[in-house]
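Taking it in order: structure first as structure tokens, then the write-up.
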Amino acid sequence: MGCKKCETQAVYITLNHEKLCKNCFINYFERKVYKTVTKYKMIEHGDKIGVGLSGGKDSTTCLYLLQKFFENKGNTIMAIAVDEGIHDYRDKTLDEARNFCKEHDIPLVITSYKKEFGFTLDEYLKKHKINPCSVCGVLRRYLLNKSARRLKVDKLATGHNLDDEAQSILMNQIKGNISLSAKLGPITGILMHEKFIPRIKPLYFMTEKETTVYSKVKQFNVSYNVCPNFGENLRESIGQMLNDLESKFTGTKQGIVNSFLDILPSLRKHYQHKKIGICSECGEPAAKDICRTCMLLEKK
Ligand code: SF4
Ligand code: ZN
């Protein structure tokens with residue numbers, strides 16, 4: 001099976017059924033990410049970009065490409081990692097994050113639940129019967145935003161890919177949380193707030209499979225391990241269903257995200273009256289009087 005462009009052994013077939021060899025795939029992937037960043041004006045000249053780094057394939061690829069594209073164009077790129085305190089998992093991925101940043105000469109700041117909240121995720125879960133990911137997600141987003149602000153970062157980049165976005169769109173639909181979908185998109189959020197660092201998703205149009213192939217052909221030393229808390233939940237079921245549909249009907253995930261992008265401007269307009277206030281406990285941005293992090297902390 002030869003590459004469409006140079007007849008070398010193909011490593012990937014695109015959604016348009018183009019067979020690509022290693023080098024042509026790297027070009028295809030990098031061009032698509034660069035186009036996404038420029039099309040949505042994610043990064044401006046002089047921006048300091050913080051990349052939320054977990055040590056996994058998506059955030060590492062995102063960090064690598066932003067450094068490659070923008071470091072020599074007047075931008076500063078750094079990595080921010082959160083140590084939730086997940087035994088035998090996060091410690092390993094953080095080692096990989098440290099090694100990667102050292103090898104590529106990228107500044108890395110690691111913040112942790114233990115330091116900021118006084119407990120690890122493992123400790124919290126021992127006391128409370130609660131979906132681990134719902135706690136983890138809220139606290140991680142909170143810490144990333146706070147750390148990015150402390151570090152005077154202009155934009156916070158995450159490794160979210162097309163699969164993540166398609167899953168989130170369907171999850172919100174199924175749970176009747178359509179107002180949450182208004183916050184999705186390549187640049188998240190509806191309203192600006194001085195305490196909220198805008199989030200960008202450079203890998204927005206890249207599938208999970210493409211990111212995996214890219215990180216493998218680039219031989220990134222990243223973790224493909226799955227968090228021990230990752231279990232049967234709605235996101236996982238939707239992910240499986242989408243993979244199944246994609247294998248039968250190529251382009252399913254892309255179709256969901258493209259249709260969503262068509263209605264996103266109307267959705268944001270509809271919900272723009274919602275105000276972002278300040279949490280009365282911690283002073284961080286919050287949709288209600290007390291933010292979700294402080295509510296979780298009250299339980300500790
Ligand atoms: Fe956190 Fe859940 Fe991801 Fe594990 S799978 S890191 S608990 S969000
Ligand atoms: Zn709060």
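In listed order, ligands and their atoms are each counted from 1. The shown structure was predicted, so the numbers you read here are calculated from the model rather than taken from an experiment.
- The protein non-hydrogen atom at the shortest distance from atom 2 (Fe) of ligand 1 is Cys133 SG, 2.4 Å.
- Within the 3.5 Å criterion, the main-chain N or O of Tyr204 finds no donor-acceptor partner in the side chain of His160.
- Taking 2.8 Å as the threshold, Cys227 counts as a candidate ligand of atom 4 (Fe) of ligand 1, since one of its N, O or S atoms lies below it.
- With Glu165 contributing its side chain and Gly185 its backbone, the two residues share a donor-acceptor pair below 3.5 Å.
- Side-chain atoms of Asn258 do not come within 3.5 Å of backbone N or O of Gly255 as any donor-acceptor pair.
- Residue-ligand proximity, Asn229 to ligand 1, at heavy-atom distances under 4.0 Å covers atoms 7 (S).
- Less than 4.0 angstrom separates some heavy atom of Cys136 from each of these atoms of ligand 1: 1 (Fe), 6 (S), 7 (S), 8 (S).
- At the Zn ion (ligand 2), the angle from SG in Cys282 to SG in Cys279 is 110° when rounded to 10°.
- One N or O on the side chain of Lys48 and one on the backbone of Leu151 form a donor-acceptor pair closer than 3.5 Å.
- At least one test fails for Lys183 against the ring of Tyr271: distance under 6.0 Å to the centre or angle within 45° of the axis.
- With respect to Arg150 and Glu116, a salt bridge is recorded, a charged nitrogen being found less than 4.0 Å from a carboxylate O.
- Around the Zn ion (ligand 2), the angle linking Cys291 (SG) with Cys294 (SG) is 110°, rounded to 10 degrees.
- In summary, the atoms of ligand 1 found under 4.0 Å from a heavy atom of Arg90, numbered by their order in the structure, are 6 (S).
- Atom 3 (Fe) of ligand 1 has as its closest protein heavy atom Arg140 NH2, 3.9 Å.
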